[in-house]
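Just so you know, ligand 1 is whichever comes first in the structure, and atom 1 is the first atom listed for that ligand.
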Amino acid sequence: MTATEQRESGRLAREGTLRHSAVLGLGHHRASRVVPNAEVVGAIDSSDEWIQQRSGIIERRWATPEETVQMMSVSAAREALDDAGIDAGQVDGVIVATVSHLLQTPAVATAVAHELGTDHAMAFDISAACAGFCHGLALASDLVRVGTSACVLVIGVERLSDITDPTDRGTAFIFADGAGAAVVGPSDEPGIGPVVWGSDGEQYDLIRQREDWRDVLAAGNSRMPHLTMQGNPVFRWASFTMAKVAIETLEKTGIKAEDLDLFVPHQANMRITDAMARSMKLPEHVRIARDIAHQGNASAASIPLALRQMVKDGEARSGDLALLIAFGAGLAYAAQVIRVP
Ligand SMILES: CC(C)(COP(=O)(O)OP(=O)(O)OC[C@H]1O[C@@H](n2cnc3c(N)ncnc32)[C@H](O)[C@@H]1OP(=O)(O)O)[C@@H](O)C(=O)NCCC(=O)NCCS
């Protein structure tokens, strides 16, 4: 029987209709070492003033040796489960978005699922760089909506300090460490809107690991490959193209900018955030995440870190509509509107 015949015979058809999904809880783990600009400027011939003006970063968080990718993931996930009032045993899926789990296999998600005490949850990692958390959220939402999964943990986690060259002027002051997590489960009301996502592989080289391991070995290098970034083209792409993606996301969700309560873009650069908000003509009442000032850019962790902080600070309230938009290496991007749990 061909695939078409199989589909037509209905033997692969699924029973039931789609249900709604929602974020049921949020958690985060902010890496504990506070690193002010003064600590990074010496190696890159820069200044506190330049970094603040060009990026909005005042200080960043770097992990201590104990704060591994797994440890920060578990810590953020426990807070999210607690926030959702859900026991780890009810979790049947764990998706970890990261580019800084330095073992290529196995996926750190399996170790995280085990340490949390899930009941043998399906677990895998995704590599979509700074866009990873929103990719994970879209996947988790669909898994729950279809009924494949009952409850999925989505974790964005990075230890970018491990793969950042402290002498690289273009990246040394930007990248940071931390983890954020969301529990995604079924809901009576729609809580996660449709995703708008995509990639532009023509710009594959703009943000990348400098070389792969074969090149490192061939060159006889004893240091691990670092991240490199052509900041200015990335800046222009993010400021203009991503604003269009954000507007498309609102249209696909069927809401207007006025209906939003929160705008939580990837924390890449304060000027990118401001440029996007201007292009989208966001009304004054929309509260904008500005976590980058004290956290730096924590890639896949940046959006859940920022959103959780807004909840803790009382800037985000249960039921608020938040537009999330994440973008980064690849170039890859993903955006959706969610209701704050
Ligand atoms: C990295 C970034 C802050 C640099 O800002 P920029 O305004 O684009 O700066 P430019 O690269 O055009 O450089 C401007 C000037 O500053 C200088 N400069 C560059 N890095 C510097 C540093 N760390 N300290 C001081 N001066 C620096 C340059 O030499 C240049 O000097 P010149 O005008 O005399 O030639 C910015 O491009 C950026 O944030 N890019 C996007 C990052 C991002 O979104 N990442 C998302 C994916 S993770």
Within a distance under 4.0 Å of any heavy atom of Asn232, pick out the atoms of ligand 1 and give their elements.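 This gives 6 (P), 8 (O), 12 (O), 37 (O) as the contact atoms.
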Closer than 4.0 Å to some heavy atom of Phe173 - which atoms of ligand 1 meet that?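 Answer, ordered by atom number: 3 (C), 23 (N).
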Select one of side chain, backbone, both or neither to describe which atoms of Asn269 lie under 4.0 Å from any atom of ligand 1, heavy atoms only. side chain
Logged contact type for Cys130 with ligand 1, heavy-atom cut-off 4.0 Å, is side chain
Main chain of [Y], side chain of [X]: is a donor-acceptor contact present, judged purely on distance under 3.5 Å?
X	Y	result
Asn297	Ser299	yes
Thr118	Ala113	yes
Thr249	Val245	yes
Asp177	Leu160	yes

For [atom], find the nearest protein heavy atom and state the residue, atom name and distance (0.1 Å precision).
atom	result
atom 9 (O) of ligand 1	Arg54 NH1, 3.6 Å
atom 29 (O) of ligand 1	Arg169 NH1, 3.5 Å
atom 47 (C) of ligand 1	Ile207 CD1, 3.4 Å
atom 40 (N) of ligand 1	Gly231 O, 3.0 Å
atom 46 (C) of ligand 1	Ala268 CB, 3.7 Å
atom 24 (N) of ligand 1	Ser46 OG, 2.6 Å
atom 4 (C) of ligand 1	Trp50 CH2, 4.0 Å
atom 1 (C) of ligand 1	Ile174 CD1, 3.8 Å

Specify whether the nearest protein heavy atom to [atom] is under 4.0 angstrom away.
atom	value
atom 6 (P) of ligand 1	yes
atom 26 (N) of ligand 1	yes
atom 32 (P) of ligand 1	no

Looking at Glu67, Glu66, Glu39, which hits salt bridge (Lys or Arg N to Asp or Glu O under 4.0 Å) with Arg33? Glu39
Without hydrogens or angle criteria, can the side chains of [X] and [Y] be said to hold a donor-acceptor pair below 3.5 Å?
X	Y	answer
Arg30	Gln295	yes
Arg54	Asn269	no
Gln203	Asp200	yes
Glu115	Gln70	yes

Parallel, tilted or perpendicular: which describes the rings of Trp50 and Phe173, with under 30° parallel and over 60° perpendicular?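 Plane angle over 60°, so perpendicular.
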Could an N or O of ligand 1 be found under 3.5 Å from any N or O of Asn297, whether backbone or side chain?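 There is no such contact.
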